[in-house]
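Here is how names work: the chains are called A, B, and so on, in the same order as the sequence lines, proteins then strands, and each is numbered from 1. Quantities reported herein were computed from a predicted structural model and do not represent experimental measurements.
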Amino acid sequence: MSSSVVTRFAPSPTGFLHIGGARTALFNWLYAKKTGGTMLLRIEDTDRERSTDAAIAAIIDGLTWLRLDWDGEVVHQFARAARHREAAEELLASGRAYRCYASQEELAEMREAARREGRPPRYDGSWRDRDPAEVPPGVAPVIRLRAPQEGETIIDDAVQGRVVFPNKDLDDLVLLRSDGTPTYMLAVVVDDHDMGITQIIRGDDHLTNAARQTQIYNAFGWPVPTMAHIPLIHGPDGSKLSKRHGALGIDAYRAMGYLPAALRNYLVRLGWSQGDREFFSTEEMIESFELSQVHRSPARFDLAKLENMNGHYMRATPNRELMEILEATLPYLPGGPEIAAKLDAQKRAQVLAAMPGLKERAKTLIELIDGMGFLFAERPLAPDEKARAILAQGGAAILGALLPKLAVLPEWTPEAAEAVVRDFAEKSGIKLGQVAQPLRAALTGRLTSPGIFDVLAVVGREESLARIADQAETAPAAVAASP
RNA sequence: GCGCCCAUCGUCUAGCGGUCCAGGACGUCGCCCUUUCACGGCGAAAACAGGGGUUCGAGUCCCCUUGGGCGCGCCA
């Protein structure tokens, strides 16, 4: 079928893959999957000054992490410069473009004058029909599009609807620079055409460009692809997402311990919705994605909601799978490499055993590794301030009394431990919490952890008893002395 | 300045002329559950930017105002 959909994600490698770019990629990907089409990846590296290989690597790394795959080879725009030049020549030959010899200074003056007179800053078209005899010697010309000066250029946008631009507001844009390299406008149109792109899905900061590009398509006599300009993602204060808001590369979200699936889910709900629904599996996303349901208004980025959603995903991820994700992410997490170094078969088994209680309490992978700290701690533990306080306020004495009872447990299971501790508390006439908290302090060094009986079981008999002994006051005198 | 886009709780959003004294989610605040912290459950506060129309009837359609955003390069 020749009518099959071809979308593309076309970032310029001048920096990392940011959150807005990631969402644009996601929408392109979803649309392609939904329609059984393909998504292509094109690196717009025609700006030789600002494009870097590191940025290309970061973009590819980010897409890979988000599991947004593309079809075919990555297209590097700069490599197609010869084709772009040829296309510009073609327009020149057909009279749809012309050479312009205006200097940078003249153009700057033109813009300045226009601004002063309250007119839009545009090229005045003075070389449009100028006599070749007037060409100044030694000046390399640019090639400009001979754009229509009357009428209107209309975009039938899949998201924005019908948008009309009066042609008088659009000037004769540069297609080929004086050094013979193509501009973005030319390159995009030629590439999208040559690559057979049927749907252009991109940020709505390109909406005005869409009109100019439409004029270029028309000059070539090529069909214009369907366009869909999606709203931008704004910062929490409603202004454009910037470094000020901590506009980060997608890798930063990985380093903050977010799951790719959660980030995708959060991103898809920014500017797109299906009724009240908040959660979508990848399949459900593909199934229900519709360009017509994409909003026209920008959405603000809310880290708190992302975090909540990530917590949902962590809890919903099966333990083994979460363990795999964790291990794969460890190199990127603060403190992760240290954990990875200690993760032998035994530790891995302990972490896995503790996972149900751990993931319940963590909203990110960072919180997860923080929570599992007690498994990697070495004796004697250094309890934090609050834990020390509990121990000092009679906790240590209680542990001293409890220790012998735990030591003789025939089997080391959460149930057995719970029975002994509850019995101990009851017979001592104290609340369970008065025993559980000192125990927690001794075993984990903190006052918050998964259920204490599970901790006991995961840490193991020998290590648990030793940690308790480390903190317990065993001298009967000391117990008697405490009021 | 000119052009274009946008406008429902703090945030993401439902709503596509009557069933909306506006629903859900996040966040916030209570209460419950409870060995801690979470999770979970229950509940509360919280919005149709303003003004004109159209209509029997407007959050929903039109216009204006205001506010935000994007664009206006031999950057992409």
Show the distances under 3.5 angstrom between N or O atoms of the protein and N or O atoms of nucleotides 66-70 of chain B.
residue, atom, partner, partner atom, Å
B:G69, O2', A:H234, NE2, 3.4
B:C70, O2', A:D205, O, 3.4

Problem set entry | Side-chain ion pair, A:E278 and A:R269, N-O less than 4.0 Å | yes
Exercise. Which part of the nucleic acid does A:D171 contact within heavy-atom distance under 4.0 Å: base, sugar-phosphate only, or nothing?
Worked result: nothing
Exercise. Using a cut-off of 4.0 Å on non-hydrogen atoms, how would the nucleic acid contact of A:M309 be classed: base, sugar-phosphate, or nothing?
Worked result: nothing
Problem set entry | Among A:W272, A:Y313, A:F289, ring pair (Phe, Tyr, Trp, His ring centres under 6.0 Å) partner for A:F280 | A:W272
Problem set entry | Interatomic distance at P, B:A44 relative to B:C6, whole Å | 36 Å
Exercise. Looking for any heavy atom pair under 4.0 Å, which part of the strands does A:A102 touch: base, sugar-phosphate only, or nothing?
Worked result: base
For this session: Could you measure between the two C1' atoms, the one in B:G10 and the one in B:U28, and give it in whole Å?
Result: 9 Å
Exercise. Which whole number of Å gives the distance between the P atom of B:C39 and that of B:C26?
Worked result: 10 Å
Problem set entry | Heavy atoms from other residues, nucleotides or ligands near CZ of A:R320 exceed 12 (cutoff 6.0 Å) | no
Seminar exercise, completed: pair_partner(B:G18), Watson-Crick or wobble, both distances < 3.5 Å, evaluates to B:C56
Seminar exercise, completed: Contacts of A:K168 and A:P141 projected onto RNA chain B by closest heavy atom; the upstream (5') one is A:K168
For this session: With the side chain of A:V163 defined as its heavy atoms from C-beta on, choose the nearest nucleotide among B:C2, B:C4, B:G1.
Result: B:C4
For this session: Using the P atom on both, measure B:C16 against B:G59 and round to a whole Å.
Result: 13 Å
Exercise. Taking the C1' atom of each, how far is B:U19 from B:A25, in whole Å?
Worked result: 23 Å
Problem set entry | A:T364-A:N310 side chain donor-acceptor pair, cut-off 3.5 Å | no
Exercise. If the P atom of B:A46 is compared with that of B:A7, how far apart are they to the nearest Å?
Worked result: 25 Å
Problem set entry | Lys/Arg cation over aromatic A:F220: A:R96, 6.0 Å, 45° cone | no
Problem set entry | Gap in Å between the two P atoms, one belonging to B:U8 and one to B:G1, rounded | 25 Å
Exercise. Does A:S273 make a side-chain N or O approach to OP1 or OP2 of B:A14 shorter than 4.0 Å?
Worked result: yes
Problem set entry | Of the listed nucleotides B:G73, B:C12, B:A76, the one nearest the side chain of A:L270 | B:C12
For this session: Determine the contact category for A:R277: base if any of its heavy atoms lies under 4.0 Å from a base atom, sugar-phosphate if only primed atoms, P, OP1 or OP2 are that close, otherwise nothing.
Result: nothing
Problem set entry | Protein-to-nucleotide contact annotation, 5' to 3' order, nucleotides 23-38 of chain B [B base; S sugar-phosphate only; - none; under 4.0 Å, heavy atom] | BBBSS-------BBBB
Problem set entry | Rounded C1' spacing from B:G23 to B:G15 in Å | 8 Å
Exercise. Looking at the side chain of A:D47, which of B:A76, B:U13, B:C4 is the nearest nucleotide?
Worked result: B:A76
For this session: Could you please name the partner base of B:U36, counting Watson-Crick and G-U wobble pairs only when both distances are under 3.5 Å?
Result: none
For this session: Please give the nucleotide sitting opposite B:C72 as a Watson-Crick or G-U wobble pair, both distances under 3.5 Å, or none.
Result: B:G1
Exercise. If pairing requires Watson-Crick or G-U wobble contacts with both distances under 3.5 Å, which nucleotide is the partner of B:A7?
Worked result: B:U66
For this session: Could you go through the ring pair (Phe, Tyr, Trp, His ring centres under 6.0 Å) check for A:Y217 and A:H193 one step at a time?
Result: CA-CA 9 Å; A:Y217 278 102; A:H193 175 261; 7.3 Å; no
For this session: Rounded off to whole Å, could you give me the CG-to-P distance for the A:L170 and B:G73 pair?
Result: 11 Å
Exercise. Counting any heavy atom closer than 4.0 Å, what does A:T46 reach on the DNA or RNA strands: base, sugar-phosphate only, or nothing?
Worked result: sugar-phosphate
For this session: Compare side-chain N and O positions of A:H295 against OP1 and OP2 of B:A14 and report whether any pair is under 4.0 Å apart.
Result: yes
For this session: Using a 4.0 Å heavy-atom cut-off across all strands, classify A:R42 as base, sugar-phosphate, or nothing.
Result: nothing
For this session: Mark yes or no: A:R42 above the aromatic ring of A:F9, with NZ or CZ under 6.0 Å from the six-membered ring centre and no more than 45 degrees from the axis.
Result: no
Exercise. So what does A:V164 hit on the nucleic acid, given a heavy-atom distance under 4.0 Å: a base, only sugar-phosphate, or nothing?
Worked result: sugar-phosphate
Exercise. When we call it a touch if two heavy atoms are under 4.0 Å apart, what does A:V142 touch: a base, just sugar-phosphate, or nothing?
Worked result: base
Exercise. So, A:S449 versus A:R440: side-chain donor-acceptor pair below 3.5 Å or not?
Worked result: yes
Exercise. Tell me: CD of A:E105 to C1' of B:C74, nearest whole Å?
Worked result: 12 Å
Exercise. Which base, if any, makes a Watson-Crick or G-U wobble pair with B:G43, both distances under 3.5 Å?
Worked result: B:C29
